[in-house]
Amino acid sequence: MSASRSLPQSKEALLKSYTSRLKDDVKSMLENFEEIVKLSKGENETQLQRMTQCEQDTYEMHVRAANIVRAGESLMKLVSDIKQYLILNDFPSVNEAITQNSKLFRTKQAEADQKLTILRDDMAADLYDLEEEYYTSVYKS
């Protein structure tokens, strides 16, 4: 985002800004394309010599094509800005994802605690059996 856009703006102002940028860029692309089509038809013939007119038309087509490319790049930047805004400011989905992850991790924690408790009980029972065997053994020193 540019420095002017980094300042906090209200959602409505930002939406109006995005809408304005979209309309301006699409309008620019359409107008430049229409002018290129008019040039290719030769609608604005002037009194200039044929070669001079051809060179002027070629130059104007290059400029208008560059304007179309600039407007297209501006539209791609707009899409990028909207995506960035949605990613950074979509708090409900971020909160939902955090809640889901929290539930998942609590479930995994409960499963791990349950398995550890069963393992502890099994080990205690086995240790008790081993101690009893040891103390009743004739090999005890």
Side-chain angles (χ1 to χ4, degrees), residues 1-137 139-141:
M1 293 184 123
S2 66
S4 64
R5 294 195 207 308
S6 65
L7 298 174
Q9 295 179 347
S10 71
K11 287 182 182 180
E12 291 177 24
L14 194 59
L15 182 59
K16 286 180 184 178
S17 167
Y18 288 158
T19 304
S20 172
R21 286 171 58 190
L22 173 68
K23 287 180 181 179
D24 291 345
D25 289 337
V26 171
K27 182 180 175 185
S28 173
M29 291 177 88
L30 179 63
E31 288 174 353
N32 282 291
F33 183 75
E34 287 173 347
E35 290 300 319
I36 288 175
V37 171
K38 284 179 187 176
L39 284 171
S40 66
K41 289 180 180 178
E43 288 181 358
N44 39 337
E45 290 292 323
T46 62
Q47 299 297 325
L48 296 174
Q49 293 180 344
R50 187 171 177 87
M51 284 297 284
T52 307
Q53 184 65 43
C54 183
E55 286 296 320
Q56 182 179 349
D57 290 348
T58 301
Y59 177 72
E60 188 174 344
M61 282 185 187
H62 283 286
V63 170
R64 293 196 177 276
N67 288 342
I68 291 173
V69 170
R70 184 211 47 82
E73 289 173 346
S74 179
L75 284 173
M76 290 193 304
K77 174 72 170 115
L78 175 64
V79 169
S80 174
D81 288 350
I82 291 172
K83 285 180 182 179
Q84 183 180 23
Y85 176 81
L86 286 175
I87 289 169
L88 295 176
N89 296 306
D90 191 12
F91 296 118
S93 67
V94 170
N95 288 340
E96 182 180 336
I98 290 171
T99 302
Q100 286 177 351
N101 283 339
S102 179
K103 286 180 184 178
L104 174 69
F105 294 140
R106 284 189 183 134
T107 303
K108 288 188 180 278
Q109 179 187 7
E111 290 173 3
D113 287 347
Q114 184 180 14
K115 288 178 182 177
L116 285 171
T117 302
I118 291 170
L119 185 62
R120 182 199 65 196
D121 293 344
D122 288 347
M123 287 179 66
D126 290 343
L127 184 59
Y128 178 78
D129 290 343
L130 287 171
E131 285 178 347
E132 190 174 309
E133 184 68 31
Y134 173 74
Y135 289 122
T136 59
S137 170
Y139 300 109
K140 181 173 95 170
S141 31

Show your reasoning for whether side chain to side chain contact (heavy atoms under 4.5 Å, CB included) applies to N67 and E31. CA-CA 10 Å; N67 288 342; E31 288 174 353; over 6 Å; no
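- A donor-acceptor pair under 3.5 Å links the side-chain atoms of T136 to the main chain of E132, judged by distance alone.
- Taking CG of D126 as the reference point, atom CD of E133 lies at 12.5 Å (rounded to 0.5 Å).
- Across all non-hydrogen atoms, the minimal contact from A71 to M29 is CB-CG, 3.3 Å.
- In this structure, Q53 CD and E55 CD are separated by 11.0 Å, a value rounded to the nearest 0.5 Å.
- Once rounded to the nearest 0.5 Å, the distance linking OG1 of T52 with CG of D57 reads 10.5 Å.
- Rounded to the nearest 0.5 Å, atoms CD (E96) and CG (N101) are 10.5 Å apart.
- Counting heavy atoms from C-beta on, the side chains of M61 and E35 never come closer than 4.5 Å.
- Rounded to the nearest 0.5 Å, atoms NZ (K77) and CD (Q84) are 6.5 Å apart.
- Two residues are said to be in side-chain contact when any heavy atoms from C-beta on lie closer than 4.5 Å; D24 and S28 fail this criterion.
- The side-chain heavy atoms of I36 and E60, taken from C-beta on, include no pair separated by under 4.5 Å.
- Checking side-chain atoms of T117 against main-chain N and O of D113 turns up a donor-acceptor pair under 3.5 Å.
- The CG atom of L75 lies 10.5 Å from the CD atom of E73; values are rounded to the nearest 0.5 Å.
- Considering all non-hydrogen atoms of both residues, Y18 and D81 come closest at OH-O, 3.6 Å.
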Could you go through Y135 and E131, starting from their C-alpha distance and side-chain angles, then the distance that decides it, and tell me whether this counts as side chain to side chain contact (heavy atoms under 4.5 Å, CB included)? CA-CA 6 Å; Y135 289 122; E131 285 178 347; 4.2 Å; yes
Verdict with reasoning, Q100 to K103, per side chain to side chain contact (heavy atoms under 4.5 Å, CB included): CA-CA 5 Å; Q100 286 177 351; K103 286 180 184 178; 5.8 Å; no
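- Counting only heavy atoms from C-beta outward, the side chains of E111 and T107 approach each other to under 4.5 Å.
- The backbone N or O of C54 sits less than 3.5 Å from a side-chain atom of T58, completing a donor-acceptor pair.
- T19 places a side-chain N or O within 3.5 Å of a backbone atom of L15 that can act as its donor or acceptor partner.
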